[in-house]
Amino acid sequence: MATSGAAEVDPGDRERQQHDRRRLASSLTARYSDWVLEALDELPGSFLLTDPSLAGHPIVYASRGLAALTGYPRREVLGRNARVFQGTATDRAAVAGVREAVRAQRAHQVAILNYRRDGSPHWVLLHLAPVFQARDGSLLHFLAVQVPIDAARRRAGAGRGAPGAVLAACREEARVDEDFPCASHAGKVFVDMDKRGLEAEEPCVASDSEKEKATNTANSIVSALNRYSKLTSLVVSGKRCDSVGIPALSSSLNLSVGRIKQSFVLTHSCLPDMPIIYASDAFVSLTGYSREEILGCNCRVLNGPGTSLEVFEEINQHICSEQACTVDLLSYRKDGSSFRDLLHVSPIRDASGKVAFHIWVHLDVGAKHDFNGLTPEVWQLGAVGAVRVAVRGLSASGSLLRPSQ
Amino acid sequence: MEMKLTIRRVPTVVSNYQEDADKPRAGCGRNCLGDCCLPVSKLPLYAFKANPAKPSQEDASSTKSLVNILLTEWEDRMARGLFRYDVTACETKVIPGNLGFVAQLNEGRHLKKRPTEFRVDRVLQPFDPAKFNFTKVGQEEVLFQFENGAGDDSYFLNNAPITVADRAPNVVAINVSPIEYGHVLLIPRVLDGLPQRIDPESFLLALQMAAEAASPYFRLGYNSLGAFATINHLHFQAYYLSVPFPVEKAATHKIPLSEDTMKSGVTVSKLINYPVRGLVFEGGNTLNDLANVVSSACIWLQDNNVPYNVLISDCGKRIFLFPQCYAEKQAMGEVSQELLDTQVNPAVWEISGHIVLKRRNDYEEASETSAWKLLAEVSLSEERFEEVKAYIFTAAGLVQADEEKVSEGEEATYKPVPVAPLPIAEGCLVLQ
């Protein structure tokens, strides 16, 4: 494997540089949407995305937080391999672990000694997570989150043996050939041994809260990617999709929402592509789909010719910002007939306050209904209220979903 | 000079119009609930059937049921952004233990509010039209009028004129600082400017609402002045929470009544193994019987300046009455700083076991013991409770039958002792 990559790009060649930047950016925008960069910029934390399908496995995105943590401005890391952060005292065993995780395309968490732009070393908890295409399980990107490890706390735990010093002497040739994030930096030793100081000498164990922070940050990024991938109907996931069974509502929740008369489905907000996990009787009779057919599908299943993609985009925007929305849409039944669909979509939070489901209330505007004197829009909200109280009450004391098999 | 007992607390904002209530206003250009606007307005109307306790033709899940209409209208107000925060984003959990206290972390409810002085030594105070009251509420905060339709079946009209000719309308309005999804206020005869004071007719109305809701998870509550009512304008609170409340699961000891008093069918019990001493009123041949007994008890309490809280539970069939002394203790400086720091106001919901906490730390460390500790401060002493109980009995025309003497050890049962949890199947609790 060659060690190509952006490090070799001539910095003076503006045109080529711009071309490269576009190529890197399209690695993301082609798979998610033009909005994805803005959305990622909004997310806190220090993280980057790499594209294994491009030569040199370059960094295609670096968060704002990364610049603050490492001292590298974004333009200096884009296009380069993530090993740019490693230096002489970086633990080889840790690097090997990362490399192994990359090969196996699985998530990995490890405390690792990284180097800032000015050459000063610092310990970070690296959380690595693959991002797959949901449909065929192919690997699209790697996500690397860096959580700084609290130095003061870490020192208190010193004395368990310091691999850093030993590993600093690691042979150069052992770390030149891997083109993978956090594999060692290829050749240039930009860390003066004098500068390493205590930071590098001591062992490092991340605290549970740091580990949790890393995992949470990674999860929120993957779910943001997941949301934006829906716009290109590519759909990504933090887990390789093995066509796992769709989780079912717990029997008590199923019972509570089963009494609701409106036509609606519930989608799981945390699973890739937000599959339908519940469909009401009225929805089944409105659309002609059986429960077996509809569970596990995305709500796009009702789309057809003339369904406005702009409106669907609007729904997605609201989902991303955890807002409710009501739209007017053309939807299709199973038999191919269409109907004017007054669709209300709203996030449903569980007892912890987090969005667990989305409710999609459909109303065939052309059909006759008894709205009990209310406007159709308000009548639809009745289903939302009923689902909210059911979910909130049950999740405070029990589980919303049946335990997975 | 008169001694005044006051406490300082952050007032709860129940209406979006509360904060500017003190500002003078020239005329009224907004749709309020006052004499200026209400009589010429149209509002939705929920007319309940003559006998709310009678099972409805519509089942409780019908979109025409009271709870459904209430939640539908509430969701609509949420969609319109009338609330101060999204209560469904507030974490809530059942604390492990025998009673299953429900804790909620609500950091937004008292945000940006300064403590205000509340007089706590007068349970009855005259209505003051100059202070904030519900006639100043905007009509968008009202969900519907709630009236006795006097027919065999209930009905709902989305737009109905206000009938002020015979009497002022009862209205159900949102609480803009909800402690749970669907939190509303029932305001009897809003235009009449009644102070926070129980009367038999208004109390019956509250029972009728609970009966009409026909769900054990829809409860009403009442706080007297001096027992954490914020506004001196007659109102009950209500919300839907599909979790049994600890007080509903607590053991009770039935007080034997003389045959004469048994005629109304009302039974009275005393809570045992619960941190707050209280009486439980149940049954009654009609809703009216139960309303009469309990309102007589409430009237004695307020007339004798004993602050109290009432929980109307189990579709209006079970009523908990708690005389309390927390605010008094607080005013006298007898409550520990540790408890005061939590800023928890032990009103009816807290006493019933649904505790709203304002600090994350308190929420995360909440245990049955900490909840018990707080609520124990609310309770009257055994001696004082028995004294009050005797007065209440006299006032309500109840005669205690000769009874086995209260055992000496009873006092000792007022602590968190292990009691077997009720075998309650989630989602299908039936309280009988």
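Labels below follow one simple rule: chain letters A, B, ... track the order of the sequence lines, proteins then strands, and each chain is numbered from 1. What you see is a predicted model, and the numbers here were worked out from it, not measured in a lab.
- A salt bridge does not link A/Lys354 with B/Glu91: every distance from a Lys NZ or Arg NE/NH1/NH2 to an Asp or Glu carboxylate oxygen is 4.0 Å or more.
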>> One pair to check against side-chain contact (heavy atoms from CB on, under 4.5 Å): A/Gln380 and B/Thr72. What are the steps and the verdict?
In response: CA-CA 8 Å; A/Gln380 279 187 304; B/Thr72 301; over 6 Å; no
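- For B/Asn159, no part lies under 4.5 angstrom from a heavy atom of chain A.
- Side-chain contact between A/Val389 and B/Tyr217 is absent, with no heavy atoms from C-beta onward closer than 4.5 Å.
- For residues 275-290 of chain A, the pairs satisfying salt bridge (charged side-chain N to carboxylate O under 4.0 Å, His left out) are A/Asp281-A/Arg291, with sequence neighbours left out.
- Chain A forms the most heavy-atom pairs under 4.5 Å with one residue out of B/Thr92, B/Leu241, B/Leu71, and that residue is B/Thr92.
- Separation of atoms CG (A/Leu381) and CD (B/Glu73) is listed at 9.0 Å; rounding is to 0.5 Å.
- Here B/Asn158 contributes atom CG and A/Thr375 contributes atom OG1; the two are 7.0 Å apart, rounded to the nearest 0.5 Å.
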> How far apart are the C-alpha atoms of B/Asn68 and A/Lys261, what are their side-chain angles, what is the distance that settles it, and do they pass the side-chain contact (heavy atoms from CB on, under 4.5 Å) test?
Replying inline: CA-CA 11 Å; B/Asn68 256 301; A/Lys261 305 285 187 258; over 6 Å; no
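- Screening residues 379-390 of chain A for salt bridge (charged side-chain N to carboxylate O under 4.0 Å, His left out), with sequence neighbours left out, gives A/Arg388-B/Glu75.
- Interface summary for chain A: among B/Ala103, B/Gly100, B/Cys90, the most heavy-atom pairs under 4.5 angstrom belong to B/Cys90.
- Between B/Asp86 and A/Arg349 the shortest side-chain heavy-atom distance falls below 4.5 Å.
- Contact record, A/Gly393 with B/Ser242: CA-OG, 3.2 Å, taken as the closest heavy-atom pair.
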